[in-house]
Each structure stands twice: as C-alpha cells, then as structure tokens.
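One structure is given below, encoded as structure tokens.
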Amino acid sequence: MPDLLIELFSEEIPARMQARAATDLKRLMTDGLVEAGLTYAGAHAFVTPRRLALAVEGLSAESPTVTEERKGPKADAPDKAIEGFLRSTGLTRDRLEERETPKGTLLFARITRPGRPAAEIVAEVLEAVVRGFPWPRSMRWGGPGLPGEGSLRWVRPLHSILCLLTTEAGPEVVPLDIDGIVAGDTTRGHRFMAPGPFAVTGFEDYAAKLKRAFVLLDPKERAATIRHDAEHLAFAAGLELLDDTGLLAEVAGLVEWPVTLMGEIGARFLDLPPEVLQTSMKEHQKFFSVREPAAGRPGAGRIVRFVTVANRATADDGATILAGNRKVLAARLSDALFFWENDLRVAQAGMGAWLDKLAHVTFERRLGSQADRIARIAALAREIAPVVGADPDLAEQAARVCKADLASEMVYEFPELQGTMGRYYAEAAGLPPEVAAACEEHYKPLGAADRVPEGPVAQAVALADKLDTLTGFWAIDEKPTGSKDPFALRRAALGVIRIVLDGGLRFSLLEVMAAAAAPHPEPAGEIVRDYEILLAMGINEGMPEMRSALAHDLLSFFHDRLKVHLRDEGIRHDVIDACLSMEGADDLADVTARARALQGEIGTKEGENLIHGFRRAANILAQAEAADGVAYEFGPDPKFAETEEERALFAALDAADARIAPALAAEDYAEAMAAMAALRAPIDSFFEAVQVNTDNPIVRRNRLNLLHRIRETCLQVADLTKLEG
C-alpha cells in the first residue's frame with residue numbers, strides 16, 4: 001500500500017491561520033479520498049510559515065470496482081421515459097434486464113464502475129482542495145504566463161506543489177498541473193540558510209532533509225525548542241521566563257528554524273508596571289518577558305529582560321539582531337513611559353479629568369454614556385454591598401472610579417490592560433486597598449479558567465457591573481440569539497453565577513435585578529409583547545410591573561446558564577430542573593445546594609429505591625384523587641393502621657420529619673435527603689404488605705392520606721416528579 005506526501009509551498013502564511021489550515025488540509029484531503037473509495041491507515045498534517053504538508057500512510061493502491069443496480073421504468077413505458085433512463089445509466093436498451101415485479105415488468109440496469117488508481121484520485125482530490133481551500137483571506141497574484149495565473153487563489157502566492165506516492169518500487173510523482181503549477185518531487189529549505197531545491201523520496205526523507213536544510217516541520221517541535229531554549233537562557237542568568245502559551249504558539253508560526261536570544265531592557269524602563277512591559281513587548285515585538293525571581297512572592301519579580309526568537313543563526317551569535325531589537329524596544333517603551341507618567345499625574349489629582357471625559361463617551365446609544373453607566377453601577381453596588389458583606393461606602397466609591405482608566409492614555413494604547421491599570425491609578429490616588437482591588441477585579445471572571453473577585457467590595461462592584469449590563473440590554477431587547485452574543489451577555493450571566501456560588505452568597509436575584517432594571521428604559525420587544533398578551537387574556541392578578549417582568553424573563557436566562565454550569569459538574573439536567581421548580585429558585589446558591597444534595601443521593605441504591613417508592617405513592621394517589629374527585633391531603637391517623645408495616649411507616653415518617661425539619665432550617669440538604677432515603681425500606685415493606693385501595697372506606701382514605709404524607713415529605717428538597725427514568 002503506498003504512502004502519500006503532499007507539500008504546498010508558498011510565501012509566508014500568517015501565524016494565526018496556520019493551525020486551522022493544517023487541520024483543513026487533513027480533513028479535506030482524507031474526506032475526499034475516502035469518498036472516492038480509497039482507505040488509509042493514518043494521516044498527519046504539518047505547517048511552517050512557508051509550507052502546508054500532509055503525510056498519509058497505508059493508502060489504497062486503487063479504489064474498488066463497484067457494481068450498482070438501478071431500477072428503471074416499466075418495460076412498456078413511453079420511449080422518452082426509457083431513453084431518459086438509458087442516458088442516466090450510459091447503457092443501451094439491449095443491456096437492460098426485464099424483471100417481473102408486483103408492479104409489472106420493470107427494467108433494471110446493472111452498472112459496473114471499475115476501480116481507479118490512487119494517483120488519479122489523489123490528483124483529482126488535491127486539485128479540488130487547492131482551488132476551494134477555505135482561507136479566511138486569499139489573493140490572486142502574478143502576471144500572464146506565471147505559475148498560478150488565472151482563477152487560482154491562495155493565502156499568499158503558491159510557488160510549488162510536491163505530491164508523491166511511495167511504494168516498495170519507489171516514489172512516483174502524481175501527475176497534476178494547477179494553473180501552471182506542476183507537481184513534482186522537490187522542495188526548498190530555509191529561505192536564507194538553505195534556499196536551494198532538493199528532491200525527496202517520501203515523508204521520512206522529506207522531514208530529515210528539511211531539518212538538514214534548517215526547517216523544523218512540526219510546529220509542536222518548534223514550540224518545544226523555543227520554550228526549552230528560552231527557559232535555559234533565563235535559568236542561566238538566574239531569572240524566570242514568564243509563561244505565555246498563546247505567544248509561544250504564535251512565535252512558533254513565525255519561524256522555521258527558531259533561534260532564541262535574550263536581551264536587556266533599558267534601566268529607565270524597569271520601574272514601569274510589569275503588565276505594561278509584558279504587554280508592550282508581546283503586542284509590538286512578540287518578545288517573551290523574563291523576570292527576577294521573588295522569594296516568597298510568586299510572580300512579584302521585576303521584568304528585567306526579554307527573549308526574542310530569530311528565524312536564523314548568525315555569525316555574531318545574534319548580537320546584531322539583539323542590538324536592533326533593543327533599539328526598537330526602547331522606542332516602544334519610551335511611548336509607554338510617557339503614557340504612564342502622564343496618567344500618574346491625572347490619577348494623583350483624583351482622576352476627575354478622566355471621569356469628566358467619560359461623560360462624553362457613549363456606552364450604548366439607548367443606555368447612555370459611560371458616566372451614566374458608572375452612576376447606575378455605583379447605586380447598585382451600594383445596594384448589593386450588605387448582601388456580600390461589603391462596606392456600602394467603599395463599594396460605591398469603588399464603583400465610581402472602577403471605569404476611570406478607560407479614559408487613560410495607557411488603556412487607550414493597550415485596551416487589554418483595563419482594570420489592571422485601574423488598580424495602579426487607584427493606588428496612586430491614595431484610595432483604600434479594597435477600592436484599588438475592585439478596580440482590577442470587577443471585570444472577573446473573564447472565562448471558565450479565570451478566578452472570581454476575592455474581596456467583598458470587588459464582588460459587590462462586579463455583580464453590579466454585570467447585572468447593570470444584563471438588565472440594560474434586556475430592556476432594549478438585545479438578547480443573545482443562537483450562537484450570536486455580541487455583548488457577551490452569556491459570559492456576564494455566568495460570571496454572576498460563579499461569584500454567587502464561589503462566595504456562597506445568599507440573596508434574591510429577582511429583587512436585585514428589579515433594582516438594577518429601575519434606571520433603564522422601559523422594556524421593549526418580546527417582554528412587552530408577552531406582558532401585554534397576558535393582560536389582554538385577563539391574566540393580570542398579581543402581575544408584576546414591567547421592570548419586574550423583565551427580571552423574571554432574565555431569571556430564565558440565568559437558569560439556563562446555571563444548568564450549563566452545573567452539568568459541567570456532572571449534575572443531571574432533570575435534577576437541576578427538579579430543584580429549579582422549588583419556591584425561591586432565584587436564590588442560586590440555594591438551588592445549587594439542593595441540586596448537589598439530590599444528585600449525591602440518587603446515585604445510591606437507597607436513593608434510587610426512594611424515588612421508585614415516591615413515584616408509586618404519587619401515582620396511586622393521583623389515580624385515586626382523579627377517580628374520587630377529592631384531594632387526600634388530610635393528616636393520616638396511625639390508629640387506623642391495620643398492619644405492622646403500616647405502623648412502621650408511620651413511625652419512620654415521624655422519625656424522618658424529626659431529622660428533615662432541622663436540616664431544612666439549617667439548609668443542610670444532604671442531611672434532609674439522607675433522612676428521606678432512610679424511608680426506602682419502610683415504604684417498600686408497606687407496598688409489599690398493604691393493599692391501599694381496600695374495601696374499608698375509612699382505612700382506604702387513611703392510607704391515601706398516608707401516601708399524601710409520603711409525597712409531601714419527599715418533595716421538601718426538590719420536585720421529584722421532574723426526575724426522568
């Protein structure tokens with residue numbers, strides 16, 4: 001079975017497109033080969049700045065011969081119908097078979113398609129892949145007579161195609177010509193260190209010769225080389241390399257032969273905030289940051305050097321490259337230092353100039369300016385503060401300055417530093433530490449891996465910020481739709497959920513959201529339509545006012561996000577629904593505690609049997625109530641019990657109630673569920689020994705009331721009727 005090697009050699013492919021391009025090449029080629037009837041043992045894609053490569057192992061030598069039988073019209077059908085069938089099959093009338101069927105005599109065609117050699121199929125599939133490759137952006141190039149001239153588009157000018165099928169007999173070039181680019185068996189090495197062409201015979205020969213020509217084909221190998229060499233340089237100087245996985249992947253896509261070099265940062269820049277140094281070097285120069293170790297203070301050392309990755313080795317060991325990099329870096333950091341010094345002067349003056357400037361910055365056309373938003377957040381943070389144990393004055397103060405850095409020169413230059421610079425400026429302004437921390441942390445969490453705000457003041461401001469955003473966009477009917485969420489409202493809701501759950505915060509989310517919605521415009525869109533429909537139908541008793549209706553609608557969105565969050569913990573969706581059906585479902589911490597307790601109990605044998613016994617009791621009770629037209633909701637009397645099993649169940653329910661009541665008062669739902677699970681054996685024994693629908697009406701009514709007591713006892717933590725199975 002032959003092995004296939006493909007290389008598409010071009011000008012530099014942007015680093016951000018490389019990983020996706022390698023994945024697309026592998027997917028499109030292998031899918032096309034399989035659809036054409038070929039099989040393969042394995043496939044691996046590789047990418048460097050100048051080439052996309054694919055190695056396919058164990059490819060079929062040819063596609064199999066396929067015989068297909070197709071049913072046609074009746075034998076006595078009109079001539080035009082038969083002629084159309086013949087055209088579709090490519091056969092003549094004498095090659096059709098007549099066959100008797102319940103529908104009459106029908107014509108059948110047996111079509112045999114012979115197999116095709118792998119080289120023919122590879123050429124066909126590869127041309128289709130190259131012509132239709134899904135680059136985010138592509139271009140045409142060249143002039144008349146030049147390779148690639150015509151309709152061909154590629155991310156950058158495509159220079160050559162290597163396409164080899166290698167068998168035991170040796171390599172074979174796949175015949176292929178795409179707009180003048182003829183496939184061959186040659187490639188090129190490093191642009192500067194080994195630019196000449198060379199031939200290869202297969203993948204192993206290809207990878208080995210590329211390495212000798214100063215090209216590391218595998219991006220993982222390039223990244224590992226960069227990380228190893230950079231850490232070694234830092235360690236040798238007694239320093240630490242700051243880990244940056246994203247930058248590492250990007251730099252590995254910029255070089256074919258990585259050479260790491262470490263340089264010094266000018267002394268006058270060392271007192272810049274480390275985040276400024278790291279961001280400036282990363283964004284402008286693609287440099288890694290190297291810091292001094294700080295004993296006992298992880299991450300607290302100054303950034304004093306940088307690591308750059310060159311694309312070639314030089315005779316002077318990179319001295320010329322480093323000198324040029326230091327010169328460019330000094331110019332960039334001079335700008336950052338200028339911004340920093342100007343911003344410090346504004347911060348030390350109280351940040352008033354920035355706050356005034358935000359009055360003229362629009363947050364959203366219908367939701368006002370950033371200054372309007374800050375006023376709303378400050379009022380809401382003061383209201384939330386007691387819930388999270390924060391000082392209301394500090395929470396309001398933090399909210400009033402938490403967005404001030406948006407008007408600073410540094411954040412204008414580096415938007416990703418918003419919040420981080422806010423902390424520095426709040427400290428420079430002499431504000432309390434809790435306020436400075438809130439300026440940085442109120443944006444958190446920014447993702448699943450990000451931590452939540454730690455202090456109460458930061459939590460109050462973070463909750464106020466996110467809830468103001470959610471209620472505001474809900475009011476103007478800008479909800480997420482499908483996969484579209486331009487204002488990151490799902491992330492904001494999940495952030496609220498994580499802050500609440502991680503902090504164990506207990507409050508009515510409905511009440512807080514109604515307060516958050518109060519300063520916003522009257523709700524529009526779907527909320528108004530639903531509200532007006534209910535009023536028109538006369539369903540207006542106890543209807544909340546419009547902004548409260550908005551809060552109820554938004555609560556459903558929070559419940560959906562909570563389901564996603566808890567499912568990631570392994571909690572079943574029906575368990576979550578059972579807990580959301582209980583009163584007070586706007587207390588997210590309480591709902592979560594119930595769900596975790598229920599999930600833990602139903603995973604045990606006792607819990608499973610309890611659910612079974614509960615369902616049996618509820619079903620018998622529902623049938624009897626429907627048949628009798630009455631509700632059996634009166635307390636059962638043990639004096640009417642006729643069997644030991646019946647009396648034992650009364651005693652077990654009394655014992656369970658004695659445990660459940662204090663457990664619920666203490667919100668110890670695990671203990672309450674354990675007390676319910678202890679009812680499994682007496683409930684089982686009751687149903688095995690006792691006939692509920694007995695002929696004695698008094699005893700029957702008492703037993704049905706006893707089933708009602710079972711049902712009510714088991715529904716105190718969650719609505720077990722929502723459970724599946």
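All residue numbers in this chain count up from 1 along the given sequence.
- Across all their heavy atoms, Ala578 and Leu723 have their closest contact at CB-CD2, 4.1 Å.
- For Glu413 (side chain) and Ala336 (main-chain N/O), no donor-acceptor pair under 3.5 Å exists by modelled atom type.
- We find that Lys563 and Asp577 are joined by a salt bridge, their nearest charged nitrogen and carboxylate oxygen being less than 4.0 Å apart.
- At a threshold of 4.5 Å between non-hydrogen side-chain atoms, the residues Glu440 and Thr420 count as touching.
- Once rounded to the nearest 0.5 Å, the distance linking CD1 of Ile384 with CG of Leu505 reads 10.0 Å.
- Side-chain atoms of Gln18 come within 3.5 Å of backbone N or O of Gly253 as a donor-acceptor pair.
- Formation of a donor-acceptor pair under 3.5 Å by the Asn705 side chain with backbone atoms of Gly635 is not found in this model.
- A donor-acceptor contact shorter than 3.5 Å is absent between the side chain of Asp719 and the backbone of Ser581.
- Counting all heavy atoms, side chain and backbone alike, Phe558 lies closest to Met513 at CE1-SD, 3.6 Å.
- Met582 approaches Gln716 most closely through the heavy-atom pair CE-O, 3.7 Å.
- Every residue two or more places apart in sequence or in another chain was checked for a ring pair (Phe, Tyr, Trp, His ring centres under 6.0 Å) with Tyr412, and none qualifies.
- Between Met421 atom CE and Glu275 atom CD the span is 7.5 Å, to the nearest 0.5 Å.
- Expressed to the nearest 0.5 Å, how far CZ of Phe133 lies from CG of Asp24 amounts to 5.0 Å.
- The shortest distance between side-chain heavy atoms of Tyr632 and Leu621 falls below 4.5 Å.
- Looking at Arg680 and Glu608, no side-chain N of the basic residue comes within less than 4.0 Å of a carboxylate O on the acidic one, giving no salt bridge.
- The closest side-chain heavy-atom distance from Pro521 to Leu367 is below 4.5 Å.
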Lys479 and Trp474: CA distance, side-chain angles, deciding distance, side-chain contact (heavy atoms from CB on, under 4.5 Å) verdict: CA-CA 6 Å; Lys479 305 177 186 177; Trp474 239 251; 3.5 Å; yes

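- Considering every non-hydrogen atom in both Ala404 and Leu355, the closest pair reads CB-CD2, 3.9 Å.
- Sorted by first then second residue, the ring pair (Phe, Tyr, Trp, His ring centres under 6.0 Å) pairs that include residues 428-453, not counting sequence neighbours, number zero.
- Glu511 CD: 12 or fewer foreign heavy atoms inside a 6.0 Å radius.
- Within the 3.5 Å criterion, the main-chain N or O of Val276 finds no donor-acceptor partner in the side chain of Ser280.
- Taken from SG in Cys714 to CZ in Arg615, the straight-line distance is 11.5 Å, to the nearest 0.5 Å.
- Listed for the Thr604 side chain is a donor-acceptor partner under 3.5 Å among the backbone atoms of Gly607.
- Atom CZ of Arg506 is surrounded by more than 12 heavy atoms from other residues, nucleotides or ligands within 6.0 Å.
- The environment of Arg20 atom CZ is sparse: at most 12 non-hydrogen atoms of other residues, nucleotides or ligands sit within 6.0 angstrom.
- Atom-to-atom distance recorded for Asp560:CG and Leu555:CG is 10.0 Å, nearest 0.5 angstrom.
- Contact between Ala371 and Ala359 at its shortest, heavy atoms only, is CB-CA, 3.5 Å.
- With sequence neighbours excluded, no residue forms a side-chain hydrogen bond (donor to acceptor under 3.5 Å, both in side chains) with Gln599.
- At least one side-chain heavy atom of Leu598 sits under 4.5 Å from a side-chain heavy atom of Leu720.
- Annotation for Lys286: atom NZ counts as buried by contact number, over 12 foreign heavy atoms lying within 6.0 Å.
- Residues Phe614 and Thr721 form a side-chain contact, since some pair of their non-hydrogen atoms from C-beta on lies under 4.5 Å apart.
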Below 3.5 Å, can you tabulate the donor-acceptor pairs from side chains in residues 487-504 to any protein atom, sequence neighbours excluded?
unit_1	atom_1	unit_2	atom_2	d
Arg490	NH2	Gly482	O	2.5
Arg498	NH1	Gly447	O	3.0
Arg498	NH1	Ala448	O	3.4
Arg498	NH1	Asp450	O	2.7
Arg498	NH2	Asp450	O	2.8

Leu679 vs Ile710, side-chain contact (heavy atoms from CB on, under 4.5 Å): CA-CA, chis, key distance, verdict: CA-CA 9 Å; Leu679 293 170; Ile710 292 173; 6.0 Å; no

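- Pairs of residues two or more places apart, or lying in two chains, that qualify as side chain to side chain donor-acceptor pair (under 3.5 Å) and include a residue from residues 373-396 are Arg373-Asp465, Arg373-Thr469, Arg376-Asp468, Arg382-Asp393, Arg382-Glu396, Glu396-Arg400.
- A salt bridge links Arg366 with Glu478: the closest approach of a Lys/Arg side-chain nitrogen to an acidic carboxylate oxygen falls below 4.0 angstrom.
- Looking only at side-chain heavy atoms (C-beta outward), Val155 and Pro14 come within less than 4.5 Å of each other.
- Annotation: side chain of Asp405 is not in contact with side chain of Cys439 (no heavy-atom distance under 4.5 Å).
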Stepwise side-chain contact (heavy atoms from CB on, under 4.5 Å) check, Phe414 with His284: CA-CA 11 Å; Phe414 300 114; His284 292 147; 3.6 Å; yes

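- A donor-acceptor pair is defined here as one N or O able to donate and one able to accept, closer than 3.5 Å; such a pair exists between the side chain of Asp343 and the backbone of Met410.
- Scanning all heavy atoms of the two residues, the minimum distance from Arg594 to Val717 falls at NH1-O, 2.7 Å.
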Would you sort out whether Arg572 and Ile602 count as a side-chain contact (heavy atoms from CB on, under 4.5 Å), showing the intermediate values? CA-CA 10 Å; Arg572 288 168 24 183; Ile602 64 173; 3.5 Å; yes

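- Looking at Val401 and Trp354, their side chains never come closer than 4.5 Å, going by heavy atoms from C-beta outward.
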Do any side-chain atoms of residues 656-663 form donor-acceptor pairs under 3.5 angstrom with protein atoms, and if so which ones, sequence neighbours left out?
unit_1	atom_1	unit_2	atom_2	d
Asp657	OD2	Arg709	NH2	2.9
Arg659	NE	Glu671	OE2	2.9
Arg659	NH2	Glu671	OE1	3.4
Arg659	NH2	Glu671	OE2	3.0

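- One distance of note links CD of Glu606 with CG of Leu610; it measures 10.0 Å at 0.5 Å rounding.
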